[in-house]
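Computed over heavy atoms, backbone and side chain alike; hydrogens, waters and symmetry mates excluded.
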Number of protein chains: 2
Amino acid sequence: MRKRGYEYYCDMRGMLSFLILFLLSKKPMHGQGIADEIKKRKGIKPSPGTIYPALKVLHEADLIKESKSGKILTYTLTRKGRMVLNESKKKFCRIFMGILSA
Amino acid sequence: MRKRGYEYYCDMRGMLSFLILFLLSKKPMHGQGIADEIKKRKGIKPSPGTIYPALKVLHEADLIKESKSGKILTYTLTRKGRMVLNESKKKFCRIFMGILSA
DNA sequence: TTAAATATATCGGTCATCCAATATATCATA
DNA sequence: TATGATATATTGGATGACCGATATATTTAA
């Protein structure tokens with residue numbers, strides 16, 4: 001059987017979009033800023049091949065909007081993005097109810 | 001572009017093992033009981049092909065132990081399982097810090 | 001005006017999660 | 001003991017998150 005580290009059992013796959021929406025709800029950020037903040041939280045910085053496609057999906061879904069300034073693309077939540085985030089947060093709390101109070 | 005429901009952006013893939021460990025830390029349960037509790041929280045009941053392989057992995061990793069009584073297999077956290085859960089919870093809180101206070 | 005650093009972007013591929021379908025064993029009730 | 005309901009279990013396959021490598025554009029420094 002394959003050996004796995006502790007981190008395996010909470011590997012957070014599928015949570016990237018959710019986390020990005022949450023971070024952007026705090027303040028507008030660009031791709032690298034988001035990646036750095038995720039590194040602070042997770043310990044691992046998502047690769048370009050992870051973060052940019054994720055941003056693209058969110059942008060195409062009209063959940064975030066971008067404003068370009070030089071090479072920097074700053075993202076902000078759209079109205080729809082805030083809506084989706086709120087729904088997702090409700091779901092998140094329902095699912096993990098009791099975990100954080102401990 | 002593909003249309004996605006709200007739930008997509010918080011689809012929780014990769015969190016099943018973590019959730020199972022957490023639920024078992026509250027009280028010993030069997031497979032169906034776990035599946036039912038997850039249905040309560042997520043709204044969708046994980047299929048047998050999801051829940052049993054997940055339990056098998058956790059068991060083989062010595063994170064949960066089973067005790068059979070008739071057709072019912074009741075699972076309990078092992079010492080190692082409690083350790084891994086605690087580590088995972090710390091990580092979880094670090095990553096999602098700020099989401100639940102809102 | 002090169003050179004180095006930073007930000008963005010895409011592609012190919014790997015891997016784990018998860019489901020649908022199916023099978024088997026045990027229990028309850030008739 | 002036959003029947004149906006419940007619990008466990010496996011397999012095959014689809015999906016998509018994620019990484020590594022690579023490429024391009026912009027900024028800054030030399």
Side-chain angles (χ1 to χ4, degrees), chain A residues 1-21 24 28-39 41-61 63-75 88 95, chain B residues 1-5 7-21 24 28-39 41-61 63-76 88 95:
Chain A
M1 189 213 157
R2 180 149 171 204
K3 194 163 166 51
R4 308 180 199 268
Y6 286 164
E7 68 284 0
Y8 171 77
Y9 301 99
C10 185
D11 83 342
M12 307 289 167
R13 266 169 190 259
M15 304 293 288
L16 183 62
S17 298
F18 178 60
L19 197 50
I20 291 176
L21 290 180
L24 288 180
M29 303 173 88
H30 66 304
Q32 285 304 312
I34 293 170
D36 289 340
E37 178 63 28
I38 289 175
K39 177 171 170 45
R41 291 171 176 254
K42 287 187 68 165
I44 297 170
K45 181 168 173 172
S47 78
T50 296
I51 200 78
Y52 291 109
L55 287 169
K56 191 181 177 186
V57 166
L58 292 173
H59 186 245
E60 285 174 350
L63 301 186
I64 61 179
K65 59 184 179 239
E66 50 188 35
S67 73
K68 193 164 192 174
S69 159
K71 67 176 167 182
I72 309 253
L73 265 176
T74 299
Y75 288 98
S88 297
I95 294 177
Chain B
M1 187 210 160
R2 180 152 170 203
K3 192 161 167 55
R4 307 180 199 268
E7 69 285 0
Y8 171 77
Y9 301 100
C10 186
D11 82 342
M12 306 290 168
R13 265 170 192 257
M15 304 295 289
L16 183 62
S17 299
F18 177 60
L19 198 50
I20 291 176
L21 290 180
L24 288 179
M29 303 174 88
H30 66 302
Q32 285 304 313
I34 293 171
D36 289 339
E37 177 63 27
I38 290 175
K39 177 171 170 45
R41 290 170 176 255
K42 287 187 69 167
I44 296 170
K45 181 167 173 171
S47 79
T50 295
I51 199 79
Y52 291 109
L55 286 169
K56 191 181 178 187
V57 166
L58 292 173
H59 185 246
E60 284 174 353
L63 301 186
I64 61 179
K65 59 183 180 240
E66 51 188 34
S67 73
K68 193 164 190 170
S69 160
K71 67 175 168 181
I72 308 252
L73 266 175
T74 299
Y75 289 99
T76 317
S88 297
I95 295 177

Close residues, residues 67-75 of chain B, relative to DNA chain C [heavy-atom separation under 4.0 Å]: B/G70, B/K71
Minimum heavy-atom distance A/G31-A/Y52, with the two atoms named: CA-CE2, 4.3 Å
Nearest atoms (heavy-atom pairs only) where A/H30 meets A/L73: CB-O, 3.0 Å
Any residue meeting side chain to side chain donor-acceptor pair (under 3.5 Å) with B/S17, in chain and number order, not counting sequence neighbours: none
Length of the CD-P vector between A/Q32 and C/dA9, whole Å: 11 Å
Whole-Å distance separating the CD atom of B/E60 from the P atom of D/dA9: 11 Å
In a table with atom names and distances, give each donor-acceptor pair under 3.5 Å that connects a side chain of residues 41-48 of chain A to protein atoms at least two apart or in another chain.
unit_1 : atom_1 : unit_2 : atom_2 : d
A/R41  : NE     : A/E37  : OE2    : 3.1
A/R41  : NH1    : B/I95  : O      : 2.6
A/R41  : NH1    : B/M97  : O      : 2.9
A/R41  : NH2    : B/M97  : O      : 3.2
A/K45  : NZ     : A/Q32  : OE1    : 3.3
A/K45  : NZ     : A/D36  : OD1    : 3.0
A/S47  : OG     : A/G49  : N      : 3.3
A/S47  : OG     : A/T50  : N      : 3.4
A/S47  : OG     : A/T50  : OG1    : 3.4

Value in whole Å for how far the P atom of C/dT17 lies from CE of B/M15: 12 Å
Whole-Å distance separating the NE2 atom of A/H59 from the P atom of C/dT8: 13 Å
Shortest non-hydrogen contact between B/M29 and B/I34, atoms and distance: CB-CG1, 3.8 Å
Atom-to-atom span, CG of B/D36 to C1' of D/dT6 - whole angstrom: 11 Å
d(CG, B/L58; C1', D/dA9) in whole Å: 16 Å
Closest non-hydrogen atom pair between A/Y75 and A/L55, with its separation: CE1-CD1, 3.7 Å
B/P28: side chain to side chain contact (heavy atoms under 4.5 Å, CB included) partners, not counting sequence neighbours: B/T74, B/T76
B/L63 and its side-chain contact (heavy atoms from CB on, under 4.5 Å) partner, picked from B/L24, B/L21, B/I20: B/L21
Pairing residues for A/K65 by the salt bridge (Lys or Arg N to Asp or Glu O under 4.0 Å) criterion, not counting sequence neighbours: none
Candidate nucleotides D/dA7, C/dA7, C/dC18, ranked by approach to the side chain of B/H30 - the nearest: D/dA7
Contact list for DNA chain D against residues 42-53 of chain B - heavy-atom distance below 4.0 Å: B/P48, B/G49, B/Y52, B/P53
Value in whole Å for how far the C1' atom of D/dT11 lies from NZ of B/K56: 11 Å
